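Encoded as structure tokens, the structure appears first; notes follow it.
Lettering of chains follows the sequences in order, A, B, ..., and the numbering in each one begins at 1. Computed from heavy atoms alone, side chains included, the values below leave out hydrogens, waters and symmetry copies. Bear in mind that the values here come from a model prediction, so they are computed numbers and not experimental data.
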Amino acid sequence: MVERPQLRERARPPTERECADIPWLKVLSPEDRADAVDHLMVSVAVPGDRVCRIGRPSTFWFGVIDGLLKMSNDTSDGAQITYTGIPPGAWFGEGTLLKRETYRYNIEALRRSTVAGLTSDTFQRLLDRSIPFNRFVMNQLNERLGQFIAAREIDRHNQPDARVARNLAALFHPVLYPGVGDLLRITQQELGYLVGLSRQRVNQALNALQQAKLIRIDYGGVRVLDLDRLRRYTPPG
DNA sequence: CCATTAAACACCC
DNA sequence: GGGTGTTTAATGG
């Protein structure tokens, strides 16, 4: 799955438990589901590992079983543009697979992560056979479009607290990231990386959001209390 | 000025 | 050991 063999663990079939957390498996017929599981592989990526790289042919549809990835792009001057974090439950890369193109962004592990991959052939086969699968993919694309439109709005307001709030809310998206639930495992360091702020400033923002009773700061993570208001947060004043 | 951040430190899980 | 809270000095709009 991960194209570069820097893995701690070789790719292996998914466990029952892991399959239970893959949302689109539930919509498939028993036959299609069996076919899919047969062509699912799971591996572990350590921090810095690239799950996919720009320019590589698309060979898998990827899903995050556990951990945290980030989607980024390299600019001409060597800097990185981070687009979004990818938390547990996310499935991505379907756009590239649909167009049968090469990947247009890098996906890198921020922490030790368990990543699943469905072979491109099987992905295409499911598209041909299964209407529920098509519906799932279509819904996924639609929800993600909403995410990116929201991301543009985030960049407009450069109020740090609001940016942290909106970015957090995006990561708690229940459809795109069903594995997150109401407790997102993310360090303040990682969040700073994704939002583009320092660790202290993220901590300051989190405390403001906690004071507003929108989240609760947990050790090594954030618990959402009111997702709707978190999404709409504006700083007092 | 004021906000932000890097660096350094002391806790604590 | 790593994540977190905090202080201090440097930086930049």
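The distance from atom CZ of A:Arg112 to atom P of C:dG2 is 14 Å, rounded to the nearest whole Å. As rounded to whole Å, 12 Å separates atom P of B:dT5 from atom CD of A:Gln189. Distance A:Leu68 CG to C:dG3 C1': 15 Å, rounded to the nearest Å.
In this structure, A:Leu225 shares a hydrophobic cluster with no other residue, the cluster being traced through Ile, Leu, Val, Met, Phe, Trp and Tyr side chains under 4.5 angstrom apart.
Listed by first and then second residue, the side chain to side chain donor-acceptor pair (under 3.5 Å) pairs that reach into residues 13-23 of chain A are A:Arg12-A:Glu18, A:Thr15-A:Glu18, sequence neighbours excluded. Applying the salt bridge (charged side-chain N to carboxylate O under 4.0 Å, His left out) rule to pairs touching residues 178-188 of chain A yields A:Asp182-A:Arg223, sequence neighbours excluded. Among residue pairs with one or both ends in residues 204-215 of chain A, none qualify as salt bridge (charged side-chain N to carboxylate O under 4.0 Å, His left out); sequence neighbours excluded.
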Give every donor-acceptor pair under 3.5 Å between a side-chain atom in residues 90-98 of chain A and any protein atom, sequence neighbours left out.
from	atom 1	to	atom 2	distance (Å)
A:Glu94	OE1	A:Trp61	NE1	2.8
A:Glu94	OE2	A:Arg144	NH1	2.6
A:Glu94	OE2	A:Arg144	NH2	3.3

Can I get a per-line list of side-chain donor-acceptor pairs under 3.5 Å for residues 31-38 of chain A, giving both atom names and the distance, sequence neighbours left out?
from	atom 1	to	atom 2	distance (Å)
A:Glu31	OE1	A:Ser29	OG	3.4
A:Asp32	OD2	A:Ser29	OG	3.4
A:Asp35	OD1	A:His39	ND1	3.2
A:Asp35	OD1	A:Arg125	NH2	3.0
A:Asp35	OD2	A:Arg125	NE	3.0
A:Asp35	OD2	A:Arg125	NH2	3.3

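Taking the nucleotide of DNA chain B with the nearest heavy atom to each of A:Gly196 and A:Arg199, the more 5' of the two is matched to A:Gly196.
For A:Arg199, the side-chain hydrogen bond (donor to acceptor under 3.5 Å, both in side chains) test picks out no residue, with sequence neighbours left out. Partners of A:Gln211 under the side-chain hydrogen bond (donor to acceptor under 3.5 Å, both in side chains) rule, at least two apart in sequence or in another chain, do not exist in this structure. For the side-chain hydrogen bond (donor to acceptor under 3.5 Å, both in side chains) test, no residue two or more places apart in sequence or in another chain qualifies with A:Gln140.
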Heavy-atom protein contacts under 4.0 Å, nucleotides 8-13 of chain C, coded B base, S sugar-phosphate only, - none: ------
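Both A:Tyr83 and A:Leu69 are assigned to one and the same hydrophobic cluster, defined by single-linkage of ILVMFWY side chains at heavy-atom distances under 4.5 Å.
Contacts between residues 201-222 of chain A and DNA chain B, defined by a heavy-atom separation below 4.0 Å, involve A:Arg201, A:Tyr219, listed by number. For residues 179-187 of chain A, proximity to DNA chain C is found at A:Thr187, defined as any non-hydrogen atom under 4.0 angstrom from a strand atom.
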